[in-house]
Amino acid sequence: MAEKHVVIDVGDGAALPRKRDRGLFNAWWIALIGALSIITYLCITRPDPYWRVLKFLPDGILVTFQVTILSILLALVLGLFTGLGRISKNRVINLIASTYVEVVRGIPLLVQLFYIYFALGQVFANLPDSNALFIFLKNMPPLVAAVIAMGICYGAYMGEVFRAGIESIDHGQTEAARSLGFSRTQTMFYVILPQAWRTILPPVGNEFIALLKDSSLVSILAVSDILRRGREFASVTFNYFETYTMVALVYLVITLLLSKVVSTMEERLNYYERR
Amino acid sequence: MSAAEKIISIHNASKFFGSLKALYNVSLDIHTGEKVVIIGPSGSGKSTLLRSINRLETIDQGTITVDGKNIDAPGSDINALRMEMGMVFQSFNLFPHKTVLENLTMAPIKLKKIPRGQAEEQAMALLKKVGIEEKSGVYPVQLSGGQKQRVAIARALAMSPKIMLFDEPTSALDPEMIGEVLDVMVTLAKEGMTMAVVTHEMGFAREVADRIVFMDQGEILEIGTPEHFFERPEHPRLKKFLSQIL
C-alpha cells in the first residue's frame, strides 16, 4: 500500500529534534539556550572584542545564506534530474547519471572547489573575448564558482535522495495513474513526486544544513562568508580565540534553528497521513 | 453479435516468464455491453490477462486490439486508449496525497481538460452513485477498505470509460465490506457498462456474467454462460476447481 513511509538516513547533517526522541529533543534546547546564553554573557561582560566580532559577522551570515541557498537550488535541480536518470530505463541516461554520482562522491568538496575555481579558472583565462559567456568565465566571480562547485557536489548526493524517495512510492500508484491515461512524465510530476516529497524532505533538510556548514570551505576562495569575516577580523585584531569562539557559536545557533525549521516542515508535509 | 461490436479482441496472446507460461495462446473477444468474469486458481494468468488489456503487462506473442486499435502497434497512443478503459485494482491504489474528490477530478481535469467546476460536479454525482458523497473532502487514509474501493471505482468512472476492468476488486477487503463493493458493481452492470472482472466471488459471477472464462496455467480452458458453468462444467480441472470453492 501507499501508506508505507520509508525514512532515508543520510546521516551527515544536523540531527533533527523529534519530540518522541526525548534525549535529542532536550539536547536541542540545551544547545540552543546554552549557545545563546554564552553569546549574551560574553557580549555583556567583554563587549570588546566579543560584541565587536558579533557586529562584524552579519555581512558574512548573509553571504553564507546566499551561497547555501543558491547551491541547494542548483543541487535540487541536478538532484532531480540525476535521481530520474538513475531510475531511467534508458541505459545511456542511466549510465551518465550513475557516473556523475560516482565521480563526484569520490572527490572531496574542497578539491572540487579548487578545481572549478583555480584549475578551470586557469583554462578559462586563456579563452578569447569572442562572446559574453567566455568573458564571464574568464572573470568568474568566486561566489559563482563556489555555488557551481557546491551545487554539483551536493547534486550527486541529492540525486540519491531523490532516487530513494521516488522508489519508496508503491508501484501501484504508478499503475493507477498510468491506467487512467497519465503519461510516464505526468505520473512522475502529478502522482509520484508529490508523495515522494515527504520521504525526500528530511534528508534534503539535512543536506541543506550540511551544505551550510560545508559552505565555510568557500572562505578559501575569498568569498566573504561567516568564517572569512572572522578571519579578516582576527587577522587585524589578533583575537583568534575570541573571534573563532563567536564564529563557532553563530554557526551552531544557525544550524540548530534550521533543524527546527526542517522538522516543522516535515510534520506539515504529513498532513494527509493524519486520520 | 457482429464483429463491429467487439470492443476488446485478444488473439493468440502469450506471455512467458522464463519457461513459465503466464499466458498461452489466449483468445477472447469482449463485446460492447458484455460482462465477462474471469475465474481460476491463483497463478492461472487471469490477472495477467486483464492487465495485458491496458498494457500494464506486455504480451510476448499475439495481438490485443481495443476499439479496433492494436495496443502494441508502434504508432498507437496507449495513453489515449487507457482513457477508454477504467481499471480497478485489488489494492485500491488511491492517491493518498489527494482528497477523495481530487482523486476523481485529477484525471478529467489534467487529461480531458474538463473545467474544474464541471469535473467536480460529475465527481460528486459519481460519489453519490457509489454512496460515499459525504466523504468527498477527506483523504483516503480516513476511509475503510470498502469505501476506498468504491472511490477507486468512481475514480475510474470519472474518465467515462467504454469498459471497466476489475482485478480482484474484493480480495483485499474484510468480509463485511465485500457486499458494498459488489453492490456498486452489480448496479454498474445493470446500467449496461461493459465489464471484465477477475474475481473469486462466484455469487457475483452467477448473477452478473454473460460469459464466464475459466483459466488455469496460463490457458483458457472453458468459456460459457453461468448456467453452463455451474450446472454442466466440462473440463476436469474446472470441475475440480468448482468442487474446491463451492
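- Taking B:R82, B:M106, B:R155, B:M85 one by one and counting their heavy-atom pairs under 4.5 Å with chain A, the maximum is reached by B:R82.
- In summary, of the residues considered (A:T199, A:V161, A:L84), a side chain to side chain contact (heavy atoms under 4.5 Å, CB included) with A:I166 occurs for A:L84 alone.
- Each of A:G172, A:S179, A:S183, A:P194 has some count of heavy-atom pairs under 4.5 Å with chain B, and the biggest count is that of A:S179.
- Distance CG/A:L74 to CE/A:M150: 10.5 Å, rounded to 0.5 Å.
- At a 4.5 Å heavy-atom cutoff, the contact between B:F89 and chain A is made by side-chain atoms alone.
- Only the side chain of B:M159 comes within contact range of chain A, with at least one heavy atom under 4.5 Å from a heavy atom of that chain.
- The greatest number of non-hydrogen atom pairs below 4.5 Å with chain A, out of B:V88, B:T99, B:L111, is found for B:L111.
- Each of B:E121, B:Q122, B:R116, B:E120 was compared with B:Q118 under the side chain to side chain contact (heavy atoms under 4.5 Å, CB included) criterion, and only B:Q122 meets it.
- Around atom CZ of A:F81, no more than 12 heavy atoms belonging to other residues, nucleotides or ligands sit under 6.0 Å away.
- Here the CG-OG distance, from B:L126 to B:S160, works out to 8.0 Å after rounding to the nearest 0.5 Å.
- For chain A, the nearby part of B:R51 is the side chain; its heavy atoms alone come within less than 4.5 Å.
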